[in-house]
Structure formats: C-alpha cells, structure tokens
There are 2 protein chains.
Amino acid sequence: MPEEDWTPPPVLLAVDLVIFTLRESVLHALLVERGVDPFCGALALPGGFLDNDREDVVAAAHRELQEEANLDAAQLHLEQLGAYGAPDRDPRGRVVSVAYLAIAPGLPVPIAGTDAARATWTPVSDILGGHVRLAFDHEQILIDGLERARSKLEHSALATTFCGKTFTINELQQVYEAVWGIELDLRNFYRKVQAVSDFIVPIGAERRAGKGRPARLFKAGPRTTLHPPLTRPTGATTAEGKQ
Amino acid sequence: MPEEDWTPPPVLLAVDLVIFTLRESVLHALLVERGVDPFCGALALPGGFLDNDREDVVAAAHRELQEEANLDAAQLHLEQLGAYGAPDRDPRGRVVSVAYLAIAPGLPVPIAGTDAARATWTPVSDILGGHVRLAFDHEQILIDGLERARSKLEHSALATTFCGKTFTINELQQVYEAVWGIELDLRNFYRKVQAVSDFIVPIGAERRAGKGRPARLFKAGPRTTLHPPLTRPTGATTAEGKQ
DNA sequence: TCAAAAGTGTTCCATTTACACCCATGC
DNA sequence: GCATGGGTGTAAATGGAACACTTTTGA
C-alpha cells in the first residue's frame, strides 16, 4: 500500500490512429514513415503525444489526424479502440497509447511539406500478410481496429462513410465485401440493406456506368444504428481484406 | 508541430475496476468508500495508480483487485473496457484511467483491516436508478462495463464464471436474466445452451433443491467462444438489472 | 395424490439463402 | 439482338418463440 506522501509515477500519453479507407475496392490503412528513432524509417500508425496537460485525449487524436494526414478532423467519427500499455512497448520509456479508429472515404494522399509528407495508404492485406512490418505494437493495434471495423459494419451505418456523398447499392456492397473479406450475394444484399429503415435513402437520380442498366443513387440516411443488423456469415472471418 | 527538444506532458495513469457478481440472483458491483479527498466518503469503483513505471497496466489492475477486494487476481479474467481521459475528470490533475471489467462468482465481502475494509457489493440497479452516486466519471465506466458484460454473455462462456464449479442450467439462466435484465423461457434456454457444443458439460450428478425434480449438474466446458451465440432479444435493453 | 421444478416435443412464424427470372442500357 | 449489370419473385432451409405435455421428486 502506498504511503501518504507517495506520488504515482508519471507516464507519457500518446494517441495512435487506425485510419481505414477504400481505394479501388481494396481496404487500405494510413501509415507514416517514421523520421526519428526509434524505428526510424519504419512504417507506423499516425499518432503522437499529448500536446499539453489540458488537452483532451480524443482531441489529441483529432489534432494528429489533421497534422499527419491532413484530414479534416471535425468531419470524421473517432472511436476509441483501447489503451496499449505494456511496459516495454516503447524503448524511449513508459509510454501508454490510446488507440482510435477512424474511417474515411477514398482520398488522395495529402500535401507534402507537412507531417503528412510521408503518409501513405497501404493495403491492409500487405500488413497482415507480413509484407509490411510496423513499428512498436502497431500491427496488433491495426488488427484490433480491423476487427472493430468489421463488427461496426454489422450494427452501425459506418459503411456509408466509406462512400462518397451519393453511392449505388453495389458500391455499398463493395465496402462490406472489402472490410469483411468475403463475397456477398448482390440480390439478397439489395433487399437486406433497403429493409433497414433510414439506413440509405434514394436520391432519385441514377448513375450510368457505361454498360448495363443504370443504378439508383442513394445517400446516407439519418439512422446510425442498424435494425435489424446486417450480420456477416458466422465463421467467415478472413484474416485479410478482399483481394 | 512540436520542437526537437520538446517533451510531452506527463500524466498520471490509474486503473479502475468494474467487478460484477451475482448475489441471490441480483447483479452487484463492487464499490469502495473513499477515505481521502477528492470525493472523500463517496462511493467509487476500486482502483488506483500505477505502482511504478515498470508495472504493466493490466498487472496494476490485478494488484488493485487483490488489495482492495481481496480477490485472488490470478483466477479472474480481466478485460479492458477502455481509457477515460477527459482533462477535468479528476480535480487533482491530469489523470487518465484505464478501466477493466472482471467477473466473480458470489463471494462474501472480504476482511477488514485492509484497503478492502470499506468494500461493499451494491446492486447495479441502485446505481443506475440514481440511489447511489459514484465519484469521478465512475458511473459512466460502470455503464460501459455493464454493456460489455451483456454483450460478452452472448458470444462468450463468461456466464459460467458467475456460477460456482458446478451449477444447474437454471442457475446459468438466472445469470443471463440478471445481467440482461430480462426474463427468458426456461424451456427454450435449456436447448439453446445445450446446443452450444462444449459450453457446458454434464457432471453426472444431480442436485436436490427440496421440492421438484432434481436438476442435472454441469460444469463449464472448454469452449470460450459460443457457436452459435446466445442472442438476447433485440430491443430488450433494460437499463437496470433484474429486480 | 398433489404441487413444484426439470426436461421434451411440436407448432408457428420470421429470417436467411439460393437461385430463377425480368428490366434497362450500350454496342 | 445480345451482353452486361440492375433489380424482383419465390421456394426451401433455418432458427427462434410459444406452449402443451411428460417426468421426477417432496410432502
């Protein structure tokens, strides 16, 4: 038991960000190349330390998102994944990191000249397949983020944030297929997704894709939690994103 | 962007524990009466600061569980709920807390003379009903822990850890009813729970409860994840535990 | 023999799945 | 026309809810 005048040891608090997007129907994560030791030159999740001792933790995550990825922080929903606090996870000392999950529609890599200069979108399958190694315990954080994203697709309207302002049902389906890493029956997906009231609402217009019948365009509806949920087939937990 | 020689602000890291148990088929949470300011005299979740800067965060949670509740830490599974880091959550300064969820079978309140002297099991419905106020943001942490426990019951064999070494199916059902806050059809529960292979295994013996047909005794099986899951009725999210 | 608790069988209904089929467009 | 992708209909399989019914005990 601590003494009366005992003071707890201070730690350094960092935030790390798992940012997913879809590029050509393939799930990508945002990585940055580290410019300083430790792990200088290696790839890592974007993130950083608290700015000052009055900064909210989720605010720090938003700030890093802005600084390192140049993504407008206010728009994106950040969800906490958890704290990572193994004593030896950072060779510099005792660093506890709070990880957040963010989802963004497909965007170009932002401008050089900022912290984001070394930011790159990397296919998730490359990371999970071992072709790309991440610094610290960031691979575990990314795996946890992927599982969280997969689960969120079932119960929330998260998938629409992968898409643009308007989208076809098929585009929405490709989001589910890319994140879940499986293929879905497009005809059943059609009805399932439209049976969820206020999940997606028809915009009236259509989109011509060159050949075939034009697809109706939809926009995200007001609903954020899905009733009934769009459940993925049980046991179909693929380690990698859709090829 | 921080300067080269800039150093991040240190924070104090704490752990808080949401510990649930069942006493007479009512869900209880372990609370401690605070002996020091702030919130001196108020009830709070058990927890405390990191002991030293080499201590693992989950190890600190185990240690506090031992110190404050006298519960054998090694036996219990701790699951991280997340980090709570609002700047003003602790008037003493910048304290970020990592919360953990633990489940214990019904146990008496441990011995006086330790940190655990002021530990009490409190019905969860009293806390959620506003009859009991908690210090800091501990009510929110407890609510998050309850929702996590409810969800875990669906997909994991967690419910058996609420019971003793052996139990009847009816006792197991009471766990689900107490945590979910709803009533279940005992006849359907029977088959559902036995349809999950290796979830519970019959021990051969029976238990006589005074009147009525003796119930078969079971013990927890090797399976930790439930296939198929025991889903709770959709929309049946009661705010309080079973009365 | 009756009450009470354990355990079984069966029916009904909602959801899921698989797939046949029709619609609208470019070439 | 015909290939291509968009969208609808429908029947079989599945799984859960409801509940009648049987079994085993104590009193």
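We use all heavy atoms of the structure for the numbers below, so side chains are in, but hydrogens, waters and symmetry mates are not. Chain naming here is simple, since letters A, B, ... match the order of the sequence lines and numbering starts at 1 in each.
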Return no unless some side-chain N or O of B/Lys192 is found under 4.0 Å from OP1 or OP2 of D/dG15.
no
OP1 or OP2 of D/dG6 less than 4.0 angstrom from a side-chain nitrogen or oxygen of A/Asn170, does that happen here?
yes
Does the A/Arg148 side chain pair with the main chain of A/Leu81, one donor and one acceptor, at a distance under 3.5 Å?
yes
Nearest whole Å is fine: how far is D/dT24 C1' from B/Arg207 CZ?
17 Å
Could you tell me how far apart B/Glu183 (CD) and D/dA18 (C1') are, to the nearest whole angstrom?
15 Å
From the options D/dC21, C/dT16, D/dT8, select the nucleotide whose nearest atom is closest to the side chain of A/Arg216.
D/dT8
What residue among B/Ile127, B/Val18, B/Val124, B/Leu128 forms side chain to side chain contact (heavy atoms under 4.5 Å, CB included) with B/Ile143?
B/Leu128
Nearest whole angstrom, please: distance from the P of D/dG6 to the CD1 of A/Ile169.
10 Å
Quick one: which protein N/O atoms are closer than 3.5 Å to N/O atoms of nucleotides 23-27 of chain C? Pair and distance per line, please.
{"unit_1": "C/dC23", "atom_1": "O2", "unit_2": "A/Arg213", "atom_2": "NH1", "d": "3.4"}
{"unit_1": "C/dG26", "atom_1": "O4'", "unit_2": "A/Gly210", "atom_2": "O", "d": "3.1"}
{"unit_1": "C/dG26", "atom_1": "O3'", "unit_2": "A/Gly210", "atom_2": "O", "d": "3.4"}

What is the separation between atom CZ on A/Phe189 and atom C1' on C/dT15, rounded to the nearest whole Å?
17 Å
Between A/Thr225 and A/His227, is the side-chain contact (heavy atoms from CB on, under 4.5 Å) condition met? List the steps.
CA-CA 7 Å; A/Thr225 57; A/His227 292 287; 4.0 Å; yes
Does B/Lys152 have any salt bridge (charged side-chain N to carboxylate O under 4.0 Å, His left out) partners at least two apart in sequence or in another chain, and if so, which?
B/Glu79
Whole Å only: how far is the CZ atom of A/Arg187 from the P atom of C/dT16?
17 Å
Nucleotide N/O to protein N/O under 3.5 Å, stretch nucleotides 10-12 of chain C:
{"unit_1": "C/dT10", "atom_1": "O4", "unit_2": "B/Arg191", "atom_2": "NH1", "d": "3.4"}

Could you check how far CD1 of B/Ile200 sits from P of C/dA6, rounded to whole Å?
13 Å
Anything under 30° is parallel, anything over 60° is perpendicular, the rest tilted; go ahead and classify B/Trp180 against B/Tyr176.
perpendicular
Atom CD of B/Gln194 to atom C1' of C/dT8: distance rounded to whole Å?
11 Å
Can you name the one residue among A/Val179, A/Leu158, A/Thr161, A/Leu146 that meets side chain to side chain contact (heavy atoms under 4.5 Å, CB included) with A/Phe20?
A/Leu146
Can you tell me the distance, in whole Å, between the OH atom of B/Tyr176 and the P atom of D/dG16?
13 Å
Give a yes or no answer on whether the side chain of A/Ser97 reaches the backbone of A/Tyr84 with a donor-acceptor pair at less than 3.5 Å.
no
Do B/Glu147 and B/Arg232 sit within salt-bridge range, that is, some charged N less than 4.0 Å from a carboxylate O?
yes
Can you confirm whether A/Arg207 is buried at CZ, in the sense that more than 12 heavy atoms of other residues, nucleotides or ligands lie under 6.0 Å from that atom?
yes
